[in-house]
Amino acid sequence: MGFTPERLAALRARFGGDNEAVIHDPHFREVAANIIDADGTRSAPYAGMPTLLDAAARAVDWQAPDFGDLQVALTGVPMDLGASNRSGCRFGPRALRAVERVGPYHHVLRCTPTRELRVADIGDVPMRSRFSLEQSHEDIESAYAKIHAAGVIPVSVGGDHSITLPILRALGRRKPVSLIHFDAHCDTGGPFDGSRFHHGGPFRQAVLDGVLDPCRTIQIGIRGAAEYLWEFSYESGMTVIHAEDIPRLGIDAIIARAREVVGDTPVYVTFDIDCLDPAFAPGTGTPEVGGVSVREAQAILRGLAGVDIIGGDVVEVAPAYDATANTAHAGAQMLFEILSLVSVRQAR
């Protein structure tokens with residue numbers, strides 16, 4: 001009907017004067033009540049102690065951990081001894097903690113996870129050695145076994161992708177878990193320079209350890225010259241979606257395939273930041289051109305709403321190669337997407 005004087009008068013009456021701070025939509029009003037204090041002020045994103053997704057901080061004594069009533073533990077795993085190319089993602093947790101203005105509201109999934117979940121940043125996994133990869137994996141597995149035994153969902157920031165192996169060992173001890181894996185690489189390679197525990201082989205090892213179900217595993221965004229190393233993915237029954245398949249298949253079809261693969265089983269979601277094209281995420285150890293856009297990754301993740309997520313991680317953010325901090329920002333957003341999926345599932 002156009003913008004008439006009568007329409008202007010109605011808008012002024014509803015949103016002006018004494019009503020200028022009123023939020024009329026019930027859902028938006030409920031969200032605002034969780035974010036805006038009684039004085040009409042929101043916390044400044046650049047102030048205070050930085051935490052993952054600006055969640056509350058909770059100190060944990062790892063000798064006798066008490067997670068209280070937490071539903072989700074945001075955890076840093078600053079270890080990159082498994083990196084095969086550019087090191088530096090040990091600084092990933094610190095970089096993501098420094099990112100501001102991610103969340104707290106998810107406008108697509110319509111949730112505010114850090115307000116709706118009992119969630120806290122519990123700090124970093126303590127590791128006995130900065131030199132021993134195997135010992136670090138033992139320490140990670142031990143820490144996550146304690147988190148899992150307490151009934152808390154771990155959502156983590158690495159670190160290189162080898163950290164996901166000890167996490168899966170902790171979560172899949174009793175029964176192999178399912179996996180939704182975003183990456184440029186399948187990470188199912190064999191020994192590399194004498195080590196089976198590098199960041200190019202965690203999912204091969206997880207299957208062989210009996211903690212990951214390959215038939216309930218989907219890998220999304222795969223591309224690059226290392227394809228000849230990924231025979232294990234195909235032989236074991238994993239579903240592989242290459243980056244070049246995404247525009248051909250379409251986002252909806254990929255979401256449907258992922259949901260079909262994992263079904264209603266307990267699922268771990270792992271997001272290697274190099275799944276994204278280096279145009280969006282240059283700050284990583286093994287960048288591969290021709291990758292997934294941030295918008296495509298968000299759309300696929302959001303399409304997983306309702307999946308039974310028992311844990312997740314974002315790995316391989318290396319801030320030394322991230323001149324604009326875009327990689328850390330994208331990583332924090334992917335972390336927020338995973339946490340939002342947990343929130344949606346817990347609200348059911």
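Only heavy atoms go into these numbers, but all of them, side chains included; no hydrogens, no water, no symmetry mates. Quantities reported herein were computed from a predicted structural model and do not represent experimental measurements.
Judged by distance alone, the side chain of Asp322 and the main-chain N or O of Ala328 form a donor-acceptor pair under 3.5 Å. A side-chain donor-acceptor contact under 3.5 Å links Thr265 to the backbone of Val262. Although no hydrogens or angles enter the test, the distance criterion places no donor-acceptor pair under 3.5 Å between the side chain of His24 and the main chain of Arg29. A donor-acceptor contact shorter than 3.5 Å is absent between the side chain of Glu316 and the backbone of Thr284.
More than 12 heavy atoms of other residues, nucleotides or ligands shown are found within 6.0 angstrom of CZ on Arg118. The neighbour count for Glu30 CD, taken as heavy atoms of other residues, nucleotides or ligands under 6.0 Å away, does not exceed 12. Heavy-atom neighbours of Arg128 CZ from other residues, nucleotides or ligands within 6.0 Å: above the threshold of 12. Counting non-hydrogen atoms of neighbouring residues, nucleotides and ligands closer than 6.0 angstrom, the CZ atom of Phe91 reaches no more than 12 such neighbours.
Asp272 and His199 form no side-chain donor-acceptor contact under 3.5 Å, judged by distance and modelled atom types alone.
Between Pro154 and Ile310 the shortest heavy-atom distance is CD-O, 3.4 Å. Across all non-hydrogen atoms, the minimal contact from Pro93 to Val157 is CG-O, 3.4 Å. Of all non-hydrogen atoms in Arg345 and Val307, the two that sit nearest each other are CD-O, 3.6 Å. Minimum interatomic distance between Arg259 and Gly303 (heavy atoms only, all atoms of both residues): NH1-O, 2.8 Å.
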(Q) Checking Ile167 against Glu141 for the side chain to side chain contact (heavy atoms under 4.5 Å, CB included) test, could you report, in this order, the C-alpha distance in whole Å, the side-chain angles of both residues, the deciding distance, and whether it holds? (A) CA-CA 6 Å; Ile167 295 174; Glu141 182 179 353; over 6 Å; no
(Q) Before you tell me yes or no, could you show the steps for Val211 and Val177 under side chain to side chain contact (heavy atoms under 4.5 Å, CB included), namely the whole-Å CA-CA distance, both residues' side-chain angles and the distance that decides it to 0.1 Å? (A) CA-CA 6 Å; Val211 298; Val177 302; over 6 Å; no
Q. Going through the checks in order, is the side chain to side chain contact (heavy atoms under 4.5 Å, CB included) test met by Gln135 and Met127?
A. CA-CA 8 Å; Gln135 194 173 56; Met127 282 170 270; over 6 Å; no
Q) So Asp121 and Thr51, side chain to side chain donor-acceptor pair (under 3.5 Å) or not? Walk me through it. A) CA-CA 6 Å; Asp121 183 337; Thr51 60; 4.8 Å; no
Q: Verify side chain to side chain contact (heavy atoms under 4.5 Å, CB included) between Phe182 and Val292, making sure each step is shown before the conclusion.
A: CA-CA 9 Å; Phe182 295 81; Val292 177; over 6 Å; no
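When each of Arg90, Arg97, Arg94 is checked for a salt bridge (Lys or Arg N to Asp or Glu O under 4.0 Å) with Asp124, only Arg97 meets the rule.
Aromatic ring orientation, His137 versus Phe197: perpendicular (interplanar angle above 60°, classes split at 30° and 60°). The aromatic rings of His27 and Tyr105 sit tilted relative to each other, their planes meeting at an angle between 30° and 60°.
Using a 4.5 Å heavy-atom cutoff, the side chains of Gln346 and Pro113 are not in contact.
Salt-bridge formation is not detected for the pair Arg223/Glu244: no Lys NZ or Arg NE/NH1/NH2 atom is positioned less than 4.0 Å from an Asp or Glu carboxylate oxygen.
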